[in-house]
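Quick caveat: nothing in here was measured; it's all calculated off a predicted structure. Residue numbers start from 1 in every chain, and the chains themselves are labelled A, B, ... in the order their sequence lines are given, proteins ahead of strands.
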4 protein chains.
Amino acid sequence: MALDKKNSQKYQLIIDAAVRVIARNGYHYAQVSKIAKEAGVADGTIYLYFKNKEDILVSLFRMKMGAFISAIEKRMTTCANAEEKLQQIVDMHFTQFSAQPDLSVVMQLEMRQSARDLRLQINEVLKMYVHLMEDVIETGKEEGIFSPHLDEKLGRQMLFGTLDEMVTNWVMKDRKYDLRTLSNPTFNMLLAAFKDDGS
Amino acid sequence: MALDKKNSQKYQLIIDAAVRVIARNGYHYAQVSKIAKEAGVADGTIYLYFKNKEDILVSLFRMKMGAFISAIEKRMTTCANAEEKLQQIVDMHFTQFSAQPDLSVVMQLEMRQSARDLRLQINEVLKMYVHLMEDVIETGKEEGIFSPHLDEKLGRQMLFGTLDEMVTNWVMKDRKYDLRTLSNPTFNMLLAAFKDDGS
Amino acid sequence: MALDKKNSQKYQLIIDAAVRVIARNGYHYAQVSKIAKEAGVADGTIYLYFKNKEDILVSLFRMKMGAFISAIEKRMTTCANAEEKLQQIVDMHFTQFSAQPDLSVVMQLEMRQSARDLRLQINEVLKMYVHLMEDVIETGKEEGIFSPHLDEKLGRQMLFGTLDEMVTNWVMKDRKYDLRTLSNPTFNMLLAAFKDDGS
Amino acid sequence: MALDKKNSQKYQLIIDAAVRVIARNGYHYAQVSKIAKEAGVADGTIYLYFKNKEDILVSLFRMKMGAFISAIEKRMTTCANAEEKLQQIVDMHFTQFSAQPDLSVVMQLEMRQSARDLRLQINEVLKMYVHLMEDVIETGKEEGIFSPHLDEKLGRQMLFGTLDEMVTNWVMKDRKYDLRTLSNPTFNMLLAAFKDDGS
DNA sequence: CATGAATGAGTGTTCATTCAT
DNA sequence: AATGAATGAACACTCATTCAT
């Protein structure tokens, strides 16, 4: 029987080791051997669970971002309308990164140093998030809460670009302030932008 | 007289060659020897004008981003108020990247793969842009055009994050559409966000 | 278990390959890749056993000179007095170099081209030889065989300088004569110098 | 008319610059450009007076060692017999190095790092010194002062090896003691060795 | 399943030398 | 005679990946 990779204990062990090693040393100093050592396995063992180094990173992103998005999706179901949904996206985006400092560094700074190929795969994972955001905007338009002229794609790019830039700035400032306090003012700006797109 | 590096013809030659080579091959395949060949000089000549490879990239960014921001600053002087200034920022941000496809790829995709050290230097250059944006927001508040509750930093992060995300998406879609058509709707969204921040 | 470097077979293999490559090509043409090829290992393997290129040379010197001196020390124990000990030093110095032509070239000619740093480390190893020589001189004085006015340091410098110069001349003359025939006349000169230092 | 190299002012200027640069920076950091700068000429000018870098070093050695040996030869003429001549060799060898600290470092430490080829040329220059030494020994034998069994070559190797080792030790100890005080005891040891070679 | 020793491709940088001015 | 900008060959070292045990 083939190795049931994804559910194996070691698979998780290695991914979590990778997050710590990258956060601590930076992307360029996160050698496979260092990750193996941190995970407490032999170098070769890594290759029983991952195709190659890039696969560790893609998997890392897939697992962590998957959980990240799932948490948001789950919360969506409790929301009465698109406005609340937008608020939850902003709030949970900030809250989840706040709770995982190592992961924040890895996602916002280190993984962006990856090669073009890797980033294409990252984008695949992010599509889930993109769809979720565009769905909310579409819903808001249907509900009459957002402007009928609001373009889903543009709105989503503003939403994602804004949140991403804010988290990146927070990480670059060494997380010296509480990211969650930005939640409300950011939500308000976005809501205003979406309600009245000025046309 | 010693080599007047920055103003020499070769200095520019090498930087422009670097833009083309990085755009064509990607950051990781942009070897110094390849840049030298593209510039039509010997490998060693590179080191008469640049301290090392990283210095080429920092200089590239400084020169190109400097010109980019200067052009916007110059345009600012022709604007009657903050609203017009905001419009010009959005418009020129998109227009300038539209006009320089190679540079767009380098700035939005390739240079972000650079090591942490390099990115710290990049951020220094970007500070000019940051100040310019925050100045416009402050002016808008003084003029009563933007909401008095608008936070300069948050507003700037939304502005930059939005523009950056839009250009990145455009580059990733292989520049298949006209970036400049996004100018107006984007400006309108941002203006709405800044006018009424919802408080 | 971690790689037991010093005692591994490959460690010796590489050092012996280095001796041959340096003797054959000269110090400046003894590239790491050439040594690896001669040893029948990959370039990278070298770095599992040695910190860097300089470390190969220091280790080479330490191993070979260590064995060289140990052999002399061992012989010392069979000697009745300082005169015999002096004779054994001279004799074994010449005999051991005679038996290892490649090593002679490396020690007398090639390794002296090394950088200052390396030579400091070499001197550390040579201290053992220095002490051995000075001990013999001191013993000789106590036994009344050598002049009571003989200075240990000066005597040692004459002893080492003489032997070293003779081996160097022999190597430079392409080892065309039998070094061991110099043993007796050299010993006699040194003995005369040490017996009656003229004061 | 061809450049009268050897007698030109710049020729000397460059050689003296080389001595200072090598003494100060070490052989491996004595780049041609650094020597040119120290001499106050352009890099290219060096090549009007010297064939290549090695030629600077050989010329340096030839000039300095030539003067060194000439001074000894001149003194020889004032000596009544071989014993006095031997004394003068030892004394002047130490005295001259004492008086030229930079040159001592260059001759005893730095130039020995040179490639094999260079050292062959150095040996050519040293032959003058070798002959001078062997002549003194031969004279001493004829005068009945030295043992009739003394081998000229061996005696010369002891003489040169001893002096050389002593100067090298002095340089390596950062010239912390007065080299000239070694003159008498060293002479006495050598004289004893040459008088009675033990046969 | 697990190990870890071995592999070998790939590249930024220096510096002696040249030659157009 | 003198300059100094330009040249380009040469090389130590890292690290992702493999595979015999």
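We find that NZ of A/Lys37 is positioned 12 Å from P of E/dG4, with the value rounded to whole Å. At whole-Å resolution of the value, NZ in B/Lys34 and C1' in E/dG12 are 14 Å apart. Between A/Leu13 atom CG and E/dC1 atom P the separation is 15 Å, expressed in whole Å. In this entry the distance linking CD1 of C/Ile35 with C1' of F/dC11 reads 12 Å, nearest Å. If you take OH of D/Tyr11 and P of F/dA2, they are 15 Å apart, rounded to a whole angstrom. B/His28 places its NE2 atom 17 Å from the C1' atom of E/dA9, with the value rounded to the nearest Å.
D/Ile46 contributes atom CD1, which lies 12.0 Å from atom OH of D/Tyr11 (distance to the nearest 0.5 angstrom).
Summary of the strand contacts: B/Tyr29 and C/Ile46 both lie near DNA chain E, and taking for each the nucleotide with the nearest heavy atom, the more 5' one is attributed to C/Ile46. When each of C/Ala42 and D/Gln31 is assigned the nucleotide of DNA chain E with its nearest heavy atom, C/Ala42 is the one assigned upstream, toward the 5' end. For the pair B/Val41 and A/Ala30, nearest-nucleotide mapping onto DNA chain F gives the more 5' position to B/Val41.
Contact between A/Val106 and A/Ala23 at its shortest, heavy atoms only, is CG2-N, 3.8 Å. Closest of all the heavy-atom pairs between D/Ser33 and D/Asp43 is CB-OD2, 3.4 Å.
In terms of modelled atom types and a separation under 3.5 Å, the side chain of D/Glu110 and the main chain of D/Tyr27 share a donor-acceptor contact.
Nucleotide F/dA5 forms a Watson-Crick or G-U wobble pair with E/dT18, both donor-acceptor distances falling under 3.5 Å. When Watson-Crick and G-U wobble pairs are counted only if both distances are under 3.5 Å, E/dT11 pairs with F/dA12.
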Please produce a list of atom pairs where a protein N or O lies less than 3.5 Å from an N or O of nucleotides 17-21 of chain F.
residue, atom, partner, partner atom, Å
F/dT17, OP2, A/Tyr47, OH, 3.0
F/dT17, OP2, A/Lys53, N, 2.8

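Residue contacts shown for D/Lys10 are limited to sugar-phosphate atoms, with no base heavy atom under 4.0 Å away.
C/Tyr49 has a side-chain polar atom (N or O) that falls below the 4.0 Å cut-off from OP1 or OP2 of E/dA6.
Salt bridge annotation for C/Asp102-C/Lys64: absent, with no cationic side-chain nitrogen under 4.0 angstrom from a carboxylate oxygen.
The side-chain heavy atoms of D/Phe50 and D/Ile15, taken from C-beta on, include a pair separated by under 4.5 Å.
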Evaluate the criterion side chain to side chain contact (heavy atoms under 4.5 Å, CB included) for residue pair D/Phe61 and D/Gln121; output intermediate values, then yes/no.
CA-CA 9 Å; D/Phe61 197 82; D/Gln121 300 202 54; over 6 Å; no
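For B/Thr45, counting side-chain heavy atoms from C-beta on, the closest listed nucleotide (E/dA5, F/dC15, F/dT7) is F/dT7.
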